[in-house]
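Scroll down for the structure; my scribbles are underneath it.
Letters go in sequence order (proteins before strands), and every chain restarts at 1.
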Protein chains: 2
Amino acid sequence: MSEMTAATPQLLRRVSAGAVLDFMRASGAVTVTEVIQATGLTRATAISVCEDLMQRGWITELENQRAFGGYQKGRPARRFELNERAGFVLGMDVGFSKATVVVSDLRGKALGRASQPFDIEDISAEERVAVIDRAAMMALNGVGASPDAVLAVSAGIAAPVDRKGNVLASQHFWGLFDVGLGSALYKLRGWTVLLENDANLAALGDRWRGAAAGVDDVVVILASERFGSGVIEGGRLLHGSGGGAGELAYLDLVEGVGDTFGIATLARIWAAESLKGTAKTSLRDHAATGAEAEHVFAAAAAGDSEALKILDRLADRMARVIGSVATMINPELVVIGGAVANSAGVLLGPIAARLPEFTATPPRVAVSPLGDSIVTVGAVRRALDYVETNTLDLELNLPA
Amino acid sequence: MSEMTAATPQLLRRVSAGAVLDFMRASGAVTVTEVIQATGLTRATAISVCEDLMQRGWITELENQRAFGGYQKGRPARRFELNERAGFVLGMDVGFSKATVVVSDLRGKALGRASQPFDIEDISAEERVAVIDRAAMMALNGVGASPDAVLAVSAGIAAPVDRKGNVLASQHFWGLFDVGLGSALYKLRGWTVLLENDANLAALGDRWRGAAAGVDDVVVILASERFGSGVIEGGRLLHGSGGGAGELAYLDLVEGVGDTFGIATLARIWAAESLKGTAKTSLRDHAATGAEAEHVFAAAAAGDSEALKILDRLADRMARVIGSVATMINPELVVIGGAVANSAGVLLGPIAARLPEFTATPPRVAVSPLGDSIVTVGAVRRALDYVETNTLDLELNLPA
DNA sequence: GGAACTAAATTTAGATTCCATATAAATTCT
DNA sequence: AGAATTTATATGGAATCTAAATTTAGTTCC
């Protein structure tokens, strides 16, 4: 508290309004009496705050008040609820080959999405931003939302991003986003853009609507092509001094691991190895194009012994990875996320069985149900977090 | 903000008083005008808050007001300062073989200390608590402080302790502290006892008064006998779900490491190994009793080639340890702490030189100047943190 | 030693925000 | 229609803050 704002009487109103908003976010449509019970404010204050928030556009009053909750005696209560259409947020997943944008309302309901590929291999920063903007505008148009109504944008990229949103540009490609995306979209559309590492957003996403819902200490490992992880400790995302927290490159030195290849990559490699041998295996059906992870999992499910061997190796590898992370971080839960998570469920049992070999504090292990939308879900969450913590400082552009 | 306290007018006074206290903690003796400038309050409010805090005993008014700051025109300003003797805090380091207690004033100045050994090997919990209590009373008596004036106690132990202060009793010995120490000292003396892992306290201690002063992302490795670490990320101590964060047992699986032995232990082992050979080395002077780490460092300083080889191995090992931690956590700084830190300075250069082999984000590396008092310093800091965050809820037992 | 000056403390008035209580309104039940 | 019930509004009072005028304490200068 080095820089102190004076404790003006208005501070009280802020605290009260914040409490009412929090309650409404958690509870849907509520009566004034419910607000009173939840916040400890008196009726006069509660109504005054509600009227205030309504005037500013953040909440709306329901009309058919009696109809709502079934039968009720006495004077009908006024009902208020969060105006989920007070504005929108955008969640972006910016990958190497494409950008995906999700439009969400203020309750976190995904209203629409759009993807745009990056055609050329090494296009300029401006063109890249233009592609992302195009995807965003497509998504907004798809739901009939105006760009003016966008209250916050969060974008996930596969590079370290520090707490302040600075990209650590070790590679040329991502360096472009450092100054580019945020300022460009601000200039062009007036949007507040929050950059974040994709694995970190995955962690936020899975903790919001995935396997880690409500868990305060969780590590989410994006495990498809290369391992990367997002770490939430005590409900807070870790960044480290340069945004590198959750990096798993030390696995190069871990016995029985030796690289940071993900499940899909390893399955592909090991399937190819297996096909070099003479063992009889249904994986040969895919010999021409190369067997993918999904084929390996399918073959294993059908009892193919070569595929089962690969799954065994994958479980061992994952147990070592999770074990080392769990030792250092001691999460309650480790979530395997990314596109491969759907099929990775069969690995959970074998992984859990081996974990005690590699850590004294074995966490629960789960796969994320969010699939490859895990990053956009997290990006939406991040943008909503921004809006929720800054609600009383934001001005809404309401349609007159 | 799920459980909401009503925004009463008293909240304002709390905020104002907290701001004034924060300012005084940071600034020594201050005039009302300075308070006004720092907090943005008006003179009337500032004076009212000061009078309030003085009445409660937290601050005192200086007498010789003009004398203080040299020549000054106009009506002399009233000067207030933190009452550093409003109470005391205790910082404890409870090890296997002894307990050390430090008494500190509210400015963090260490006034006295006392140690007591645990004589017998497996004494009961009651006896152990009694020994700790005896050390505490000795330390208090030594500075003429009453037990009633102790506002908070923090104790570091070599076991995982979660965020809430619960000990994870994997071993019988530490299990005793789980229910024992806190409740016993509360019953006996009325003290609020905060249990914490010793490496975590070391991290707090070094960030307060050591090499990491002011650094927000730092890992402190206690490196003497066995590696253990405390992790501070974004200025906050990490615990993990069961207090196990910072545990380094995964090193068992790391190439070139393979165990969690600390610098002192390894120096001892490797010196013994060296003596089994026929190489000429000054370490033979200590062959009878066994060469200790200090002997190895001394011999190396004198140019002994066997000792230098050991230092080389130590540097390699430390670089691997620090590299893996730095990759996962990405701190700005890694501090080597504990009794061995004094001699470990010569390792810093070699470690830093090797670090880029083992991590893409090499941190600065330093040794802590706090030596083996690093845990008690951290314990004092932890207790002060408690007092500072709870100041306005604490009642002082002032000598009438 | 007293007048003028200066900086700080004190007093007074007014604004904001809250709570508590009493009164009024809207609805259902009898 | 009137009683019962629930909610809304109005009124009074308390706490806290700001702002501005006034008083106080000490310094400087003549």
Side-chain angles (χ1 to χ4, degrees), chain A residues 4-21 23 29-56 59 61-81 392, chain B residues 4-21 23 29-56 59 61-81 392:
Chain A
M4 174 63 202
T5 320
T8 64
Q10 287 83 324
L11 176 65
L12 284 184
R13 200 38 178 281
R14 255 188 108 80
V15 173
S16 304
V20 172
L21 269 171
F23 175 59
V30 297
T31 65
V32 174
T33 306
E34 285 161 356
V35 170
I36 292 167
Q37 285 160 358
T39 61
L41 299 168
T42 52
R43 173 157 250 111
T45 311
I47 290 177
S48 155
V49 167
C50 286
E51 224 114 62
D52 233 55
L53 290 172
M54 194 161 59
Q55 206 265 315
R56 294 217 238 168
I59 64 176
E61 184 168 5
L62 300 187
E63 289 307 324
N64 49 347
Q65 308 169 333
R66 186 57 59 105
F68 193 90
Y71 169 76
Q72 212 175 330
K73 288 184 287 189
R75 179 170 173 168
R78 297 171 70 179
R79 285 196 115 84
F80 297 91
E81 72 176 347
L392 298 172
Chain B
M4 174 62 201
T5 319
T8 65
Q10 286 84 323
L11 178 64
L12 282 184
R13 202 37 177 286
R14 256 187 106 80
V15 173
S16 304
V20 172
L21 268 172
F23 175 58
V30 297
T31 65
V32 174
T33 306
E34 285 161 356
V35 170
I36 292 168
Q37 285 161 357
T39 61
L41 298 170
T42 52
R43 186 170 294 279
T45 310
I47 290 177
S48 155
V49 166
C50 286
E51 224 115 64
D52 232 56
L53 290 172
M54 194 161 60
Q55 206 264 316
R56 295 217 238 170
I59 66 176
E61 184 168 4
L62 299 188
E63 289 308 323
N64 49 348
Q65 307 167 334
R66 185 59 58 107
F68 194 90
Y71 169 76
Q72 212 175 331
K73 291 182 282 190
R75 178 169 175 171
R78 299 171 70 178
R79 285 196 116 83
F80 298 91
E81 73 176 346
L392 297 172

Mind calculating the distance between CD (Glu51(A)) and C1' (dT17(C)) to the nearest angstrom?
-> 16 Å
Which whole-number value in Å describes the distance from Phe80(B) CZ to dA9(C) P?
-> 8 Å
Contacts of type side-chain hydrogen bond (donor to acceptor under 3.5 Å, both in side chains), residue Gln37(A), not counting sequence neighbours = none
Any sub-3.5 Å donor-acceptor pair from Glu34(A)'s side-chain atoms to Thr31(A)'s backbone N or O?
-> yes
Side-chain heavy atoms of Leu53(A) within contact of Leu392(A), under 4.5 Å | yes
Can you tell if the side chain of Arg43(A) reaches within under 4.5 Å of the side chain of Val35(A), non-hydrogen atoms only?
-> no
Could you give the CZ-to-P distance, from Arg75(A) to dT23(C), as a whole number of Å?
-> 17 Å
Glu61(A) CD to dT7(D) P: how many Å, rounded?
-> 14 Å
Could you tell me the separation between the CE atom of Met54(B) and the C1' atom of dA9(C), rounded to a whole number of Å?
-> 13 Å
How long is the line joining CD1 of Ile47(A) and C1' of dC18(C), in whole Å?
-> 14 Å
Establish, with yes or no, whether the OP1 or OP2 oxygen of dT23(D) is under 4.0 angstrom from a side-chain nitrogen or oxygen of Arg43(B).
-> no
Side-chain N or O of Thr31(A) closer than 4.0 Å to phosphate OP1/OP2 of dT7(D) | no
Length of the CZ-C1' vector between Arg14(A) and dT16(C), whole Å = 16 Å
Output the single nucleotide from dC17(D), dT10(C), dC18(C) whose closest atom is nearest the side chain of Arg13(B).
-> dC17(D)
For Ile36(B) and dA7(C), what is the distance between atoms CD1 and P respectively, to the nearest whole Å?
-> 14 Å
Does the side chain of Ser48(A) get closer than 4.0 angstrom to OP1 or OP2 of dT17(C) through an N or O atom?
-> no
If only side-chain N and O atoms of Arg78(A) are considered, is one of them under 4.0 Å from the OP1 or OP2 phosphate oxygen of dT27(C)?
-> no
OP1 or OP2 of dA20(C) less than 4.0 angstrom from a side-chain nitrogen or oxygen of Thr42(A), does that happen here?
-> no
Of dA8(C), dT27(C), dT18(D), the nucleotide closest to the side chain of Pro76(A) is dT27(C)
Output yes when at least one side-chain N/O atom of Ser16(B) is less than 4.0 Å from OP1 or OP2 of dC17(D), else no.
-> yes
When you measure from the side chain of Ser16(A) to the backbone N and O of Leu12(A), does any donor-acceptor pair fall under 3.5 Å?
-> yes
